[in-house]
S.K.: 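Below is the structure I would like to discuss, written out as structure tokens.
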Number of protein chains: 2
Amino acid sequence: MPITIADVAARAKVSKTTVSRVLNGKGELDESTAARVRAVIEELGYVPSSRAVGLARGRTRVVGMLVPSLTWPWIGEVIQGAVDVLETERYGLLLFTCNRGEESMRQFGAQVSAKSFDGLLVIEPEGTLDYIATLHRRGLPVVLIDDRDQTSGEIPSVGTTNHDGAGAAARHLLRIGRRSPLVITGPERFGCTLQRNAGFAAVFADAGLPIPAERTWLGDFTVACGAEAVQTALDSGVEFDAVFAHNDLSALGAMQALMDAGRRIPQDVAVVGFDDIPTAAHTQPPLSTVHQPLREMGEAAARTLLAHFEGTPLPNRPTVIPASFVTRGSTVAPTE
Amino acid sequence: MPITIADVAARAKVSKTTVSRVLNGKGELDESTAARVRAVIEELGYVPSSRAVGLARGRTRVVGMLVPSLTWPWIGEVIQGAVDVLETERYGLLLFTCNRGEESMRQFGAQVSAKSFDGLLVIEPEGTLDYIATLHRRGLPVVLIDDRDQTSGEIPSVGTTNHDGAGAAARHLLRIGRRSPLVITGPERFGCTLQRNAGFAAVFADAGLPIPAERTWLGDFTVACGAEAVQTALDSGVEFDAVFAHNDLSALGAMQALMDAGRRIPQDVAVVGFDDIPTAAHTQPPLSTVHQPLREMGEAAARTLLAHFEGTPLPNRPTVIPASFVTRGSTVAPTE
DNA sequence: CTGAAAGCGCTTACAG
DNA sequence: CTGAAAGCGCTTACAG
């Protein structure tokens, strides 16, 4: 039989109200009775039932998190950031994925209606932004971790510097003497694709080296598209001395295709990715890439949501955490 | 103002009891009243508050999951397996990590005491098995996803075939003509290390090729240890034509060291890992490895726990899901 | 077949 | 400074 507030009250010879007050530090209480109650709580190892507290207070002290899938290479970092912050503030994290598609969203919707959590952190599963916006409009506190730079402006969000990150990659390539990069983009419907393209192109244009259409390949963030882009370019005789891929997975595909074609990395072709997934550090050679501050983004999103619970209004413009360029062997030969 | 069971009752002109009954399908009710109540529920979009249901029923319909860290390369697969099963059964998943060490365990303990969930899935953070066992003894339903083959026998668990998986790797190496493998183990305190060693050694011993001590390197599952093992072996003139690493990370280290030393993979040295992390498919060459059925393990653990909630006793011997060998370029040259 | 009432374990006005 | 009572939104004996 689990012990309840009534047990504590009886043993300390006070009312449940008083126990509740020492528990929550509300109201003036005689220090000696408070001490006595605390002693009993300690002695009995009493911890208030979260179910009961939740019902009485109308909040669960739980935050929901919706992500597309847990098997994406970088999603763990984001969640870890959020979990660490929530844990510190004694909140729980209720995890939802969209792994089973429509059915997943239906189950998720049911949990929203059942008020299973006080607020929501979300990495938007594609095509659900309208639904998320609706929830937000109906009063559910929501913070979006906007990995695709889709910010509608309506939902509070945290993102990174896609434009400047790509610019940093471009400057690095120029610095090491590359003049004709092949660009493998993400899907064109994503804001991050536009930003990365623009940021990268601007730097090369400024250097008097505008990137022609034949050196831009519309990709889709898969390994396969990276390989395909390189093969096609090689087959059609397009000259290039570098590859800038909009994510690390397509950079991996590009590297494989280059090696299969006998090109040396980085001597013949330098390769740069975007994301800095764990694999990036372990390719042969290791992949230079634009590091997304994923953990920090998760932390920031969680902090924003918790601050809102304390009364801070949700910010009306995105929180932006800078990306940073990481130099590895795919752009610079190892120095002996 | 969220709508409650009282609203539904009033509108349908019945008691809350009756509404509750149609909600839960309990008791005999007149089909016409039931239909009327259902119509009102539909009309109002009513969903019972999970907080209130939880308090009244004494269960939360939430399962806790404790994992060491979300940034380990294979942990996402396990969680995804669990989430998918829980979602199907309309359970929620409350996620805890041990990322912040002692403090994390303290917060986790508080949530256990607060009865925030009905049962626990755990990938044991090292050194916490006694604590988990204590929770189990005190009545918390627990299922362990036993990645390290530590099974104490006390806690219900699901694991894989470490012994046979390693055996399969050994048979593969023999089949492709390798006779002197270098073995890079995991920490010796782990059951999986013993099993993988035994399973691998037995096959080579049976073939009349026992593995001498000089070709066994005590590793620790890091990339660094894999590189170190190979370098040391090369430096001291130990001959080997294959590497069997007890996990993929150390296999990556071994591959890097081999390439740095100018050895060709797989022509000079074949390399096999264990785990089949996402990176394994994208190394150069791709890594042959023993695939751990991580997602299936997560699913099985979740199903076992849910079955227990329905009255099925927790199994007293581990559920074992077979590992399988995956052949890639690090052991077999690509056929043109 | 249906409902009034008690109970789940807390919190929070309201009194004193 | 402290307590009795109502309330959070459900479920579940118990009656009828």
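Proteins get letters first, then strands, A, B, ... in listed order; numbering begins at 1 in each. These values consider heavy atoms only, across backbone and side chains, with no hydrogens, waters or symmetry-generated copies. These figures come from a predicted structure and were not determined experimentally.
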S.K.: Round to the nearest Å and state the distance from B:R59 atom CZ to C:dG7 atom P.
M.R.: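 That distance rounds to 22 Å.
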S.K.: Does A:V14 or A:A52 map to a spot on DNA chain D nearer the 5' end, using the closest nucleotide for each?
M.R.: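 Of the two residues, A:V14 wins.
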S.K.: Check this one for me: any side-chain N or O of A:K26 less than 4.0 Å away from OP1 or OP2 of C:dT11?
M.R.: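 False: A:K26 side-chain N/O out of range (4.0 Å or more) of C:dT11 OP1/OP2.
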S.K.: With under 30° as parallel and over 60° as perpendicular, where do the rings of A:F190 and A:F221 fit, or are they tilted in between?
M.R.: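 Answer is tilted, since the angle falls between 30° and 60°.
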S.K.: Checking all strands, does B:L29 fall into the base, sugar-phosphate, or nothing category for heavy-atom contacts under 4.0 angstrom?
M.R.: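 Sugar-phosphate only.
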S.K.: In whole angstrom, what separates B:L55's CG from C:dA6's C1'?
M.R.: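 Nearest whole value for this atom pair: 13 Å.
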S.K.: Without decimals, in angstroms, what is the distance between A:I5 CD1 and C:dG9 C1'?
M.R.: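 Those two atoms, CD1 and C1', are 8 Å apart.
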S.K.: Starting at atom CD1 of A:I3, determine the distance to atom P of C:dG9, rounded to an integer number of angstrom.
M.R.: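 Interatomic distance, CD1 of A:I3 to P of C:dG9: 11 Å.
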S.K.: Report yes if the distance between the aromatic ring centroids of A:F96 and A:F117 is under 6.0 Å, otherwise no.
M.R.: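 Yes, close enough.
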S.K.: From C:dT11, D:dT11, C:dT2, pick the nucleotide closest to the side chain of B:V53?
M.R.: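 My answer, after comparing the listed nucleotides, is D:dT11.
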S.K.: Check every strand shown and say whether B:S20 touches a base, only sugar-phosphate, or nothing at a heavy-atom separation below 4.0 Å.
M.R.: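 Base, at least one base atom sits under 4.0 Å.
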S.K.: Near A:R36 CZ, under 6.0 Å, is it more than 12 heavy atoms from other residues, nucleotides or ligands?
M.R.: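 It does: A:R36 CZ has more than 12 such atoms within range.
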S.K.: For the side chain to side chain donor-acceptor pair (under 3.5 Å) test, which of A:D275, A:D147, A:T160 pairs with A:Q292?
M.R.: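 Testing each of A:D275, A:D147, A:T160 against A:Q292, the sole residue satisfying side chain to side chain donor-acceptor pair (under 3.5 Å) is A:D275.
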S.K.: Assess the side chains of A:T97 and A:S69: does a donor N or O sit below 3.5 Å from an acceptor N or O?
M.R.: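 No, because no side-chain N or O of A:T97 sits under 3.5 Å from a partner of the opposite role on A:S69.
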S.K.: How many whole angstroms separate atom NZ of B:K16 from atom C1' of C:dA5?
M.R.: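 About 10 Å, once rounded to whole Å.
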S.K.: What is the distance from CG of B:D30 to C1' of C:dG3, rounded to the nearest Å?
M.R.: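 That distance rounds to 15 Å.
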S.K.: Could you report the tightest heavy-atom contact between B:A12 and B:V40, atom names first, then the distance?
M.R.: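 Here B:A12 and B:V40 meet closest at CB-CG2, 3.8 Å.
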S.K.: Judged by each residue's nearest nucleotide on DNA chain C, which is more toward the 5′ side, A:R21 or A:T4?
M.R.: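 First, find each residue's nearest nucleotide; the 5'-ward one identifies A:T4.
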S.K.: What is the pairing partner of D:dA13, taking Watson-Crick or G-U wobble pairs with both distances under 3.5 Å in any strand?
M.R.: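 Answer to the pairing question: none, since D:dA13 forms no Watson-Crick or G-U pair.
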S.K.: Taking CG from A:L23 and C1' from C:dT12, how many angstroms apart are they, rounded to a whole number?
M.R.: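 Taking CG of A:L23 and C1' of C:dT12, I get 14 Å after rounding.
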S.K.: For the side chain of A:N24, starting at C-beta, report the closest nucleotide among C:dT11, C:dG9, D:dT11.
M.R.: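 Within the option list, the nearest is C:dT11.
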S.K.: Check whether any side-chain nitrogen or oxygen of B:Y46 sits under 4.0 Å from OP1 or OP2 of D:dG9, and answer yes or no.
M.R.: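 No, outside the criterion.
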S.K.: Reckon A:T17 has a side-chain N or O less than 4.0 Å from the OP1 or OP2 of C:dT11?
M.R.: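 No, no such contact exists.
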S.K.: Any side-chain N or O of A:S15 under 4.0 Å from OP1/OP2 of D:dA4?
M.R.: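 No, because none of the side-chain N or O atoms of A:S15 sits under 4.0 Å from OP1 or OP2 of D:dA4.
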S.K.: B:V19 or A:R36: which one's nearest nucleotide on DNA chain D is closer to the 5' end?
M.R.: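 Whichever sits nearer the 5' end wins; that is A:R36.
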S.K.: Please report, rounded to the nearest Å, how far the P atom of D:dT11 is from the CZ atom of B:R57.
M.R.: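 That distance rounds to 5 Å.
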S.K.: Using purine N1 to pyrimidine N3 plus N6-O4 or O6-N4 for Watson-Crick, or N1-O2 and O6-N3 for G-U wobble, each under 3.5 Å, what pairs with D:dA4?
M.R.: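 For D:dA4, the partner nucleotide comes out as none, under the 3.5 Å rule.
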S.K.: For C:dG3, take OP1 and OP2 only and decide whether either is under 4.0 Å from a side-chain N or O of B:T18.
M.R.: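 Affirmative; the distance criterion is met.
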